[in-house]
*Asks:* 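Mind having a look at this structure? Questions to follow.
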Amino acid sequence: MRELVKVSGKKALAAFVDFPHELYAGDVNYVPELFIAQRDLLTPGKHPFYEHSKIQLFLLYDEGRVIGRIAAINNTNHNKVYESKDGFFGFFDCINDASAAKQLFEAAQEWLKEKGLTKVLGPVNFSTNEVCGLLIEGFDGPPVAMMPYNAQYYLPLLEQMGFQKNVDLRAYRYTAGTYSDRSVKLMDRIEDRLKRNDIILRKINMKKFKEECNAVRDVYNKAWDKNLGFVPMTDKEFDYTAKDLKMILDPEFCILAEQHGKIVGFALAIPDINQILIKIKRGRLFPTGLIKLLANKKKIDGIRILLLGVVDGYRKMGIEACLYGRIIKHFEAKKMKYAEASWTLDHNDLINKPIEDIGGKLYRKYRILEKAI
């Protein structure tokens, strides 16, 4: 007997968060999310997303055992910005069973339809400001920090239900020692040219973190305004994210481009915390997870280049290449082993080319899918 239920209460929410641990038991590439972080993200009132939008979580049981989960997401800010009637699905995980997947999606789509929405896109865990995309190429290793992971059978399951490609996202990998001298010299020359236009590159000032974040937030919301489905973050959403990132931030990996005191671009790379999380059973910090986290933080030897943006009017000046270059130089200085630049839009040559020029190799792809409802 299968039973589909709307998630309500702490016990059901814990089952929702924990289901991937059961599904991927034995998968050496699976990285558990921190339970506390996922619980707060999915609890109305805990995350500022709920101040303007709504979600509904569903669990599918078979003989009392969870076999699937999904979130239906009504992002009202997205629909205001794009004057659309788009719904989203996220946090989708399911056994390899077409009927189970169909039951989950029918429930999510019906909830979205009741809200007057006419299309569903995903997987998107709230918005493109959070984890999004379905892994479709590159199943040969664990995901890096804040990137999704899923079984190879997910794409066929979704396609069977009529989902089609909306857009593909890229992840590039840079391995230590593959950075050419030519690239270094070229970026040094570009940076010298930028200085003649009073554009300088510098690391973030952690003593003025709040003020720096306020300036970066404005750049972030302007620089991504034409990207796929991008919705500007509210002040509270940006502050919520910045607070989390500050705990793992290395200022040498947060580079700002500035002209006359005005921030016009920035790049941020974060330590690949997944090197530690993969060892924390079921994402629990207690009793031993916190010890592992603190003891191994300095041993992390990989990064994810998470964000890079330049505001309109300053693009195609070489700022993008120099921001990447500064991060890679620090990466080399710290003798790290790998860097992932992710994600980028499949067709965004303005960003993809500088990554490729400094030695980044396309090694994974993710997909956002869509379907009319």
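These values consider heavy atoms only, across backbone and side chains, with no hydrogens, waters or symmetry-generated copies. We count residues from 1, following the sequence as given.
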*Asks:* Between Glu320 and Arg315, is there a side-chain N and carboxylate O pair less than 4.0 Å apart?
*Replies:*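 No, no charged N to carboxylate O under 4.0 Å.
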
*Asks:* CG/Asn214 to CZ/Phe238 distance, rounded to the nearest 0.5 angstrom?
*Replies:*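 That separation rounds to 8.5 Å.
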
*Asks:* As an exercise, state the distance from SG of Cys322 to CD1 of Ile327, rounded to the nearest 0.5 Å.
*Replies:*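 If I round to the nearest 0.5 Å, the distance is 12.0 Å.
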
*Asks:* Would you please indicate yes or no on a ring centroid separation below 6.0 angstrom for Phe253 and Phe331?
*Replies:* no

*Asks:* Is there side-chain contact between Asn274 and Arg304, with at least one heavy-atom pair below 4.5 Å?
*Replies:* no

*Asks:* Thinking salt bridges, do Asp312 and Lys222 make one under a 4.0 Å N-O criterion?
*Replies:*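 Judged by the 4.0 Å cut-off on N to carboxylate O distance, Asp312 and Lys222 do not form a salt bridge.
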
*Asks:* Please tell me whether Tyr50 and Phe88 are part of a single hydrophobic cluster in this structure, the criterion being side-chain heavy atoms less than 4.5 Å apart.
*Replies:*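 Looking at the clustering, Phe88 is in the same group as Tyr50.
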
*Asks:* What about Tyr240 and Phe49, are their ring centers closer than 6.0 Å?
*Replies:*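 Ring centroids of Tyr240 and Phe49 are no less than 6.0 Å from each other.
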
*Asks:* Considering all heavy atoms of both residues, which atom of Asp140 and which atom of Asn29 are nearest to each other, and what is their separation?
*Replies:*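 Residues Asp140 and Asn29, closest heavy atoms: C-ND2, 4.1 Å.
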
*Asks:* Does a side-chain heavy-atom distance below 4.5 Å link Phe16 with Val66?
*Replies:*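 No - every pair of side-chain heavy atoms lies 4.5 Å or more apart.
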
*Asks:* If you define the side chain from C-beta out and look only at heavy atoms, does anything of Met187 sit under 4.5 Å from Ile358?
*Replies:* yes

*Asks:* Measure the spacing between CG of Asp86 and CG of Leu112 and express it to the nearest 0.5 Å.
*Replies:* 10.0 Å

*Asks:* Please check if any side-chain donor atom of Asn74 sits under 3.5 Å from a side-chain acceptor atom of Ser53, or the reverse.
*Replies:* no

*Asks:* Would you say Val81 and Pro232 make side-chain contact, with heavy atoms under 4.5 Å?
*Replies:* yes

*Asks:* Would Lys6 pass as a cation-pi partner of Phe58, given that its NZ or CZ must be under 6.0 Å from the six-membered ring centre and within 45 degrees of the axis?
*Replies:* no

*Asks:* Going by heavy atoms in the side chains, are Leu34 and Leu277 under 4.5 Å from each other?
*Replies:*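 The answer is yes, as the side chains (C-beta and beyond) meet within the 4.5 Å cut-off.
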
*Asks:* Taking side chain to side chain contact (heavy atoms under 4.5 Å, CB included) as the test, write out the residues that go with Ala171, two or more places apart.
*Replies:*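 Applying side chain to side chain contact (heavy atoms under 4.5 Å, CB included) to Ala171 gives Glu340, Ser342, Tyr363, Arg364, Tyr366.
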
*Asks:* Do Arg69's NZ or CZ and the ring of Phe19 fall within the cation-pi criteria of under 6.0 Å and 45°?
*Replies:* no

*Asks:* Side-chain heavy atoms nearer than 4.5 Å, only ILVMFWY residues, links allowed to pass through others: does that put Met233 and Ile270 together?
*Replies:* yes

*Asks:* Could you tell me whether a side-chain N or O of Asn150 sits under 3.5 Å from a main-chain N or O of Leu135, the two making a donor and an acceptor?
*Replies:*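 At least one qualifying donor-acceptor pair exists.
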
*Asks:* Return the minimal non-hydrogen interatomic distance between Ile70 and Leu104, and the atom names on each side.
*Replies:* CG2-O, 3.8 Å

*Asks:* Hey, are the side chains of Trp343 and Asp168 touching, using non-hydrogen atoms and a 4.5 Å cut-off?
*Replies:* no

*Asks:* Does Trp111 have Lys113 sitting over its ring (NZ/CZ under 6.0 Å from centre, angle to axis within 45°)?
*Replies:*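 Not flagged: Lys113 not positioned over aromatic ring of Trp111.
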
*Asks:* How close do Pro32 and Ile280 get, heavy atom to heavy atom, and via which atoms?
*Replies:*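 Pro32 and Ile280 have their closest heavy atoms at CG-O, 3.2 Å.
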
*Asks:* Answer yes when Arg170 and Glu356 have at least one side-chain N-carboxylate O distance shorter than 4.0 Å, and no when they do not.
*Replies:* yes

*Asks:* Have Tyr220 and Asn129 got a donor and an acceptor in their side chains that come within less than 3.5 Å?
*Replies:* yes

*Asks:* What is the minimum heavy-atom distance between Ser84 and Asn79, and which atoms define it?
*Replies:* OG-OD1, 2.8 Å

*Asks:* Using the rule that two of Ile, Leu, Val, Met, Phe, Trp, Tyr join whenever any of their side-chain heavy atoms come within less than 4.5 Å, decide whether Leu350 and Ile199 are in one cluster.
*Replies:*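 Result: no, two separate clusters.
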
*Asks:* Hey, is Lys334 close enough to Asp250 for a salt bridge, meaning N to O under 4.0 Å?
*Replies:*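 Judged by the 4.0 Å cut-off on N to carboxylate O distance, Lys334 and Asp250 do form a salt bridge.
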
*Asks:* Output yes when a side-chain donor or acceptor of Thr128 lies under 3.5 Å from a complementary backbone atom of Val124, and no otherwise.
*Replies:* no

*Asks:* Would you say the side-chain atoms of Glu237 pair up with the backbone N or O of Thr234, donor to acceptor, closer than 3.5 Å?
*Replies:*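 Such a contact is found between Glu237 side chain and Thr234 backbone.
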
*Asks:* What about Tyr24 and Tyr149, are their ring centers closer than 6.0 Å?
*Replies:* yes

*Asks:* Can you find a side-chain donor-acceptor pair between Glu211 and Asn205 that sits under 3.5 Å?
*Replies:* no

*Asks:* Just do the side chain to side chain contact (heavy atoms under 4.5 Å, CB included) check on Leu245 and Leu268 with the steps written out, would you?
*Replies:* CA-CA 10 Å; Leu245 291 177; Leu268 170 66; 3.9 Å; yes

*Asks:* Please confirm whether the backbone N or O of Ile319 pairs with a side-chain atom of Tyr324, one donor and one acceptor, at under 3.5 Å?
*Replies:*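 Here the side-chain-to-backbone pair does not exist.
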
*Asks:* Would you say Ser127 and Asn75 are linked by a side-chain donor-acceptor pair, where the criterion is simply a distance under 3.5 Å?
*Replies:*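 Side-chain D/A pair, Asn75 to Ser127: absent.
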
*Asks:* If you look at every heavy atom in Ala267 and Leu308, which pair is closest and at what distance?
*Replies:*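 Shortest heavy-atom contact: CB-CD1, 3.9 Å.
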
*Asks:* Any side-chain to backbone donor/acceptor pair from Gln259 onto Asn197? Under 3.5 Å, distance only.
*Replies:*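 Answer holds: yes.
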
*Asks:* Does some side-chain heavy atom of Leu307 sit less than 4.5 Å from a side-chain heavy atom of Phe266?
*Replies:* yes

*Asks:* Less than 4.0 Å between a side-chain N and a carboxylate O, is that true for Arg284 and Asp18?
*Replies:* yes

*Asks:* Identify the two heavy atoms, one from Ala71 and one from Leu57, that lie closest to each other, and give their separation to 0.1 Å.
*Replies:* CB-CD2, 3.5 Å

*Asks:* Give the intermediate values and the outcome of side chain to side chain contact (heavy atoms under 4.5 Å, CB included) for residues Thr344 and Ile355.
*Replies:* CA-CA 10 Å; Thr344 71; Ile355 297 174; 3.9 Å; yes

*Asks:* Under the salt bridge (Lys or Arg N to Asp or Glu O under 4.0 Å) definition, can you give me all pairs with a residue in residues 27-47, not counting sequence neighbours?
*Replies:*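 Not a single pair qualifies under salt bridge (Lys or Arg N to Asp or Glu O under 4.0 Å).
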
*Asks:* Any cation-pi pair here, Arg2 with Tyr61, using under 6.0 Å and within 45°?
*Replies:* no

*Asks:* Working to the nearest 0.5 Å, report the span between CD of Gln109 and CG of Leu117.
*Replies:* 11.5 Å

*Asks:* Considering the options Phe89, Phe92, Tyr154, which one meets the ring-ring contact (aromatic ring centres under 6.0 Å, His included) requirement together with Phe163?
*Replies:* Phe89

*Asks:* Counting N and O atoms only, with roles assigned by atom type, does the side chain of Asp357 sit under 3.5 Å from a partner on the main chain of Asn352, one being a donor and the other an acceptor?
*Replies:*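 Checking the backbone N and O of Asn352 against the side chain of Asp357, no donor-acceptor pair under 3.5 Å is found.
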
*Asks:* Working to the nearest 0.5 Å, report the span between CG of Leu121 and CG of Asn166.
*Replies:*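 So the CG of Leu121 and the CG of Asn166 are separated by 5.5 Å.
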
*Asks:* For residues 195-208, which residue pairs pass the salt bridge (Lys or Arg N to Asp or Glu O under 4.0 Å) check, not counting sequence neighbours?
*Replies:* Arg202-Glu212, Arg202-Glu258, Lys203-Glu252

*Asks:* Is the shortest heavy-atom distance from the side chain of Leu59 to the side chain of Leu4 under 4.5 Å?
*Replies:* no

*Asks:* Can Asp97 and Lys102 be counted as an ion pair, charged N to O under 4.0 angstrom?
*Replies:* no

*Asks:* Testing Glu370, Arg367, His347 for side-chain contact (heavy atoms from CB on, under 4.5 Å) with Val167, which one passes?
*Replies:*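 Among Glu370, Arg367, His347, the one that satisfies the side-chain contact (heavy atoms from CB on, under 4.5 Å) with Val167 is His347.
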
*Asks:* Do the charged groups of Asp188 and Lys329 touch, with an N to O distance under 4.0 Å?
*Replies:* yes

*Asks:* Are Ile278 and Val131 in one and the same hydrophobic cluster, where Ile, Leu, Val, Met, Phe, Trp and Tyr link if side-chain heavy atoms are under 4.5 Å apart?
*Replies:* no

*Asks:* Start with the C-alpha distance between Asn125 and Cys132, add both sets of side-chain angles, then the distance that settles side chain to side chain contact (heavy atoms under 4.5 Å, CB included), and finish with yes or no.
*Replies:* CA-CA 6 Å; Asn125 293 355; Cys132 63; over 6 Å; no

*Asks:* Take Ile273 and Ile300 through the test side chain to side chain contact (heavy atoms under 4.5 Å, CB included) and record every step on the way to the result.
*Replies:* CA-CA 7 Å; Ile273 199 78; Ile300 296 174; 4.0 Å; yes

*Asks:* With a 4.5 Å cut-off on side-chain heavy-atom distances among I, L, V, M, F, W and Y, is there a chain of contacts connecting Phe139 to Tyr338?
*Replies:*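 They do share one cluster, since a chain of ILVMFWY contacts under 4.5 Å joins Phe139 to Tyr338.
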
